[in-house]
**Q** 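There's a structure below that I have some questions on.
None of these values were measured; they are calculated from a predicted model.
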Amino acid sequence: MFANPTNVGISQRVVATLVACAVVLSSIGMYATAQAANLTEISNTLSDSNLSVASSHTIAFTIPTGSTLVGTQDVAITFPSGFTGIAANVVSGDVTVTVDGTPDAVGTFSAVGQVITFDGVAATAGQEVIVAIADGNITNPGTAGSYEFVVTTEAADTGRTRVAIIDDVLVTAIVNTTFDFTITGLATSTAVNGTSTTGSTSPTAIPFGTLVANQIKTLAQRLNVSTNARNGFVVTVEQDSDLQSATGAVIDSFTNGTYVNTPVSWAAPTNNVNLENTWGHWGLTSADADLNGDEFGSALFVAASTTPREVFSHDGPSDGTTANIGETQVGYQIQITPLQEAADDYNTTLTYIATPTF
């Protein structure tokens, strides 16, 4: 006799279904799955990508969606073959970690072979982790090429990135040296370092003309320097001999023939009938502010001398026009007494020497 299946109750059908499921599950086994994810936005920035040099490493990566890194889980960074010094030189103090810009701790640390491993870092999905390994401990390969780094976490996330190790590029260039020095005459009534000219000059002549006893005469020239010398330039001036006539009479150097070398205020010759070097003298001043700070103050003079005297300088390139950098004025002043010997051919030659320092 057969039972009619249509007479089976609802409760009996449910029980039968559960039993069937249990039988199937017991035959194939119950299991759960866990899916590893790729670390995102992973990179490694080197401080130096040249061959065989020590470099720092800044390794950045982002925790992927659905993942979390907790402090007890390891982070492992595997360096490719060719990078040396990992196990020998890197210690926990060489490694710093930030999570979204906030410093985090480095816990248990090891450096074995090509792998650095540490824990203590906590980050959630979407947060950027930056691992900085200090410079000087790990040396780049000696062969140019592309090298792959692998970062793994104990949360089963993995990421790969590459760096290129290449020869440095030597960049060369040549800049030709330039140096231009010009002398220009100045007109009457030109202001020069606290005084004013009483006559005019040319680039090649300083004509004091006829001197009158007790009357000061002042003439000047403008100096211009244009150069690309790295350390600037110095201009000096010297006379080839005394300001002398064919008869041997001399208009001495300031003051009274003593050859003053430290700038002082102008003083008239003292006119002692028994001392011919007190009958007239001449000297010079410079408007260069660099010298004014240390030597030439306003309206201060030194002797014209056969010893080179610095009258203009700068410690870098100059444009030939800017005051105290590319341009200045040098003034020459003369005064005699009634005892200065008569002659119509007093003369000397001034030599400017401009020296750049490249």
**Q** Using atom types as modelled and distance alone, determine if a side-chain donor or acceptor of Q215 lies under 3.5 Å from a backbone N or O of V212.
**A**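 Pair absent, no side-chain N/O of Q215 close to backbone of V212.
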
**Q** With no hydrogens and no angle check, is any side-chain donor or acceptor of N193 less than 3.5 Å from a backbone partner on G297?
**A**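 At least one qualifying donor-acceptor pair exists.
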
**Q** Rounded to the nearest 0.5 Å, what separation is found between the OG1 atom of T153 and the CG atom of L69?
**A**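 So the OG1 of T153 and the CG of L69 are separated by 5.5 Å.
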
**Q** Please assess D104 against T98 for the test side-chain contact (heavy atoms from CB on, under 4.5 Å), listing each intermediate value before the final yes or no.
**A** CA-CA 5 Å; D104 208 340; T98 60; over 6 Å; no

**Q** Test side-chain hydrogen bond (donor to acceptor under 3.5 Å, both in side chains) on T306 and D240; report intermediate values, then the result.
**A** CA-CA 6 Å; T306 55; D240 67 340; over 6 Å; no

**Q** Under 3.5 Å, side chain of S55 to main-chain N/O of S47, donor-acceptor pair present?
**A**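 Side chain of S55 to backbone of S47: a pair is present.
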
**Q** Could you tell me whether the side chain of W279 reaches within less than 4.5 Å of the side chain of T270, counting heavy atoms only?
**A**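 Contact flag for T270/W279 side chains = no.
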
**Q** Should F109 and I138 be regarded as members of a common hydrophobic cluster, given that ILVMFWY residues are connected when their side-chain heavy atoms come within less than 4.5 Å of each other, either directly or indirectly?
**A**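 Yes, same cluster.
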
**Q** Keeping S200 on the side-chain end and A187 on the backbone end, is there a donor-acceptor pair under 3.5 Å?
**A**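 Such a contact is absent between S200 side chain and A187 backbone.
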
**Q** Between Y352 and Q221, is there a side-chain donor-acceptor contact under 3.5 Å, judged purely by atom types and distance?
**A**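 Yes, because at least one side-chain N or O of Q221 sits under 3.5 Å from a partner of the opposite role on Y352.
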
**Q** Determine, using the 4.5 Å side-chain heavy-atom cutoff (strictly less than), whether I325 and V330 are members of one ILVMFWY cluster.
**A**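 Each belongs to a different hydrophobic cluster.
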
**Q** Would you mind reporting whether P141 and F83 have side-chain heavy atoms less than 4.5 Å apart?
**A**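 Heavy-atom side-chain distance check passes, below 4.5 Å.
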
**Q** So, taking the atom named OG1 in T198 and the one named CD in Q333, what distance separates them when rounded to the nearest 0.5 Å?
**A**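 Between atom OG1 of T198 and atom CD of Q333 there are 8.0 Å.
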
**Q** Heavy-atom count around R162 CZ within 6.0 Å, excluding the residue itself: above 12?
**A**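 More than 12 within 6.0 Å, yes.
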
**Q** Following the transitive rule for hydrophobic clusters with a side-chain heavy-atom cut-off under 4.5 Å over Ile, Leu, Val, Met, Phe, Trp and Tyr, establish whether I334 and L339 coincide in one cluster.
**A**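 No; L339 is not reachable from I334 via cluster members.
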
**Q** Where is the tightest heavy-atom contact between V302 and N261, given as atom of each residue plus distance?
**A**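 Minimum heavy-atom contact is CG1-O, 3.6 Å.
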
**Q** Is there side-chain contact between Q244 and N347, with heavy atoms separated by less than 4.5 Å?
**A**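 In short, these two side chains do not touch, never coming nearer than 4.5 Å.
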
**Q** Answer yes or no: is there a side-chain heavy-atom contact under 4.5 Å between L51 and I165?
**A**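 Yes. Closest side-chain heavy atoms under 4.5 Å.
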
**Q** Any donor and acceptor pair, going by atom type alone, linking the side chain of N271 with main-chain N or O of T278 inside 3.5 Å?
**A**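 Side chain of N271 to backbone of T278: no pair is present.
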
**Q** With a 6.0 Å cut-off on ring centres, are Y332 and F208 close enough?
**A**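 No, the ring of Y332 stays outside the 6.0 Å limit from the ring of F208, centre to centre.
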
**Q** Would you please test T307 and R309 for side-chain contact (heavy atoms from CB on, under 4.5 Å) and show each step?
**A** CA-CA 6 Å; T307 300; R309 174 72 205 196; over 6 Å; no

**Q** Return the orientation label for the F149 and H57 ring planes: parallel under 30°, perpendicular over 60°, tilted otherwise.
**A**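 Correct class here is tilted.
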
**Q** What pair of heavy atoms forms the shortest contact from V95 to V106, and how long is it?
**A**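 Reported closest heavy-atom pair: O-CG2, 3.8 Å.
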
**Q** Just grab all the side chain to side chain donor-acceptor pair (under 3.5 Å) pairs involving residues 164-180, residues at least two apart or on different chains.
**A**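 Those involving residues 164-180 are N50-D168, T178-N228.
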
**Q** Return the minimal non-hydrogen interatomic distance between A123 and V129, and the atom names on each side.
**A**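 Reported closest heavy-atom pair: CB-CG2, 3.9 Å.
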
**Q** Between D157 and F61, is any pair of side-chain heavy atoms under 4.5 Å apart?
**A**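 No, too far: nothing below the 4.5 Å cut-off.
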
**Q** Counting only heavy atoms not in E41, do more than 12 fall under 6.0 Å of its CD?
**A**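 12 or below, so no.
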
**Q** With a 3.5 Å distance limit and no angle check, can you tell me whether Q340 reaches the backbone of V250 through a side-chain donor-acceptor pair?
**A**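 It does hold such a pair.
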
**Q** Please lay out, stage by stage, how F254 and Y259 fare under the test side-chain contact (heavy atoms from CB on, under 4.5 Å).
**A** CA-CA 6 Å; F254 182 72; Y259 290 90; over 6 Å; no

**Q** Quick one: are Q329 and L223 in side-chain contact, heavy atoms under 4.5 Å?
**A**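 In short, these two side chains do not touch, never coming nearer than 4.5 Å.
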
**Q** Please give me the minimum heavy-atom distance between T124 and I63, naming the atom from each residue.
**A**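 So the minimum-distance heavy-atom pair works out to O-CB, 3.4 Å.
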
**Q** Would you give the length of the straight line joining atom CG of L219 to atom OG1 of T188, rounded to the nearest 0.5 angstrom?
**A**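 Separation between the atoms: 8.0 Å.
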
**Q** Work out which heavy atom in S56 is nearest to a heavy atom in A134; give both atom names and the distance.
**A**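 Looking at all heavy atoms of both residues, the shortest contact is CB-C, 4.0 Å.
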
**Q** Write down the atom of I116, the atom of F79, and the distance for their closest heavy-atom approach.
**A**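 Heavy atoms only, the tightest pair is CD1-CE1, 3.7 Å.
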
**Q** T195 side chain to V192 main-chain N or O, any donor-acceptor pair under 3.5 Å?
**A**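 A pair under 3.5 Å: no.
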
**Q** Passes side-chain contact (heavy atoms from CB on, under 4.5 Å), T62 versus L39? Steps please.
**A** CA-CA 6 Å; T62 300; L39 298 170; over 6 Å; no

**Q** Atom OG in S318, atom CD in E327: separation rounded to 0.5 Å?
**A**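 Taking OG in S318 and CD in E327, the distance rounds to 11.0 Å.
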
**Q** Hey, does the side chain of N214 reach the backbone of T337 with a donor-acceptor pair shorter than 3.5 angstrom?
**A**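 Not at all, since once roles are kept as given, no pair shorter than 3.5 Å links the two residues.
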
**Q** Could you walk me through whether Q335 and W282 satisfy the side-chain hydrogen bond (donor to acceptor under 3.5 Å, both in side chains) test, starting with their C-alpha distance in whole Å, then the side-chain angles of each, then the deciding distance to 0.1 Å, before giving a yes or no?
**A** CA-CA 6 Å; Q335 186 175 9; W282 74 305; over 6 Å; no

**Q** Less than 4.5 Å apart, side chain to side chain, heavy atoms only: is that true for N256 and H281?
**A**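 Counting from C-beta outward, N256 and H281 do come under 4.5 Å.
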
**Q** Is there a donor-acceptor pair closer than 3.5 Å between any side-chain N or O of N324 and the backbone N or O of A289?
**A**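 Yes, the answer is positive, given that a donor and an acceptor are paired below the 3.5 Å cut-off.
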
**Q** A side-chain contact here means heavy atoms from C-beta on lying under 4.5 Å apart; do T190 and S196 qualify?
**A**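 Of all side-chain heavy-atom pairs linking S196 with T190, none is under 4.5 Å.
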
**Q** Between CD of Q239 and CG of L284, what distance do you get to the nearest 0.5 Å?
**A**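 The CD atom of Q239 sits 9.0 Å away from the CG atom of L284.
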
**Q** Does T40 offer a backbone N or O that forms a donor-acceptor pair with the side chain of N38 under 3.5 Å?
**A**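 Here the side-chain-to-backbone pair does not exist.
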
**Q** Rounded to the nearest 0.5 Å, what separation is found between the OG atom of S226 and the CZ atom of F181?
**A**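 Between S226 OG and F181 CZ, I get 12.5 Å after rounding to 0.5 Å.
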
**Q** For the residue pair N140 / S49, report whether a side-chain donor-acceptor contact shorter than 3.5 Å exists.
**A**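 No, because no side-chain N or O of S49 sits under 3.5 Å from a partner of the opposite role on N140.
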
**Q** Is there a chain of hydrophobic side chains (I, L, V, M, F, W, Y, each step under 4.5 Å between heavy atoms) that links I59 to V150?
**A**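 No; tracing contacts between hydrophobic side chains, which count when under 4.5 Å, never links both residues.
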
**Q** Measure up the H314 and F233 rings against each other and bin them: parallel (under 30°), tilted (30 to 60°), perpendicular (over 60°).
**A**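 H314 and F233: tilted rings.
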
**Q** State yes or no: do V90 and Y147 share one hydrophobic cluster built from I, L, V, M, F, W and Y residues joined by side-chain heavy-atom distances below 4.5 Å, directly or via other members?
**A**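 V90 clusters together with Y147.
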
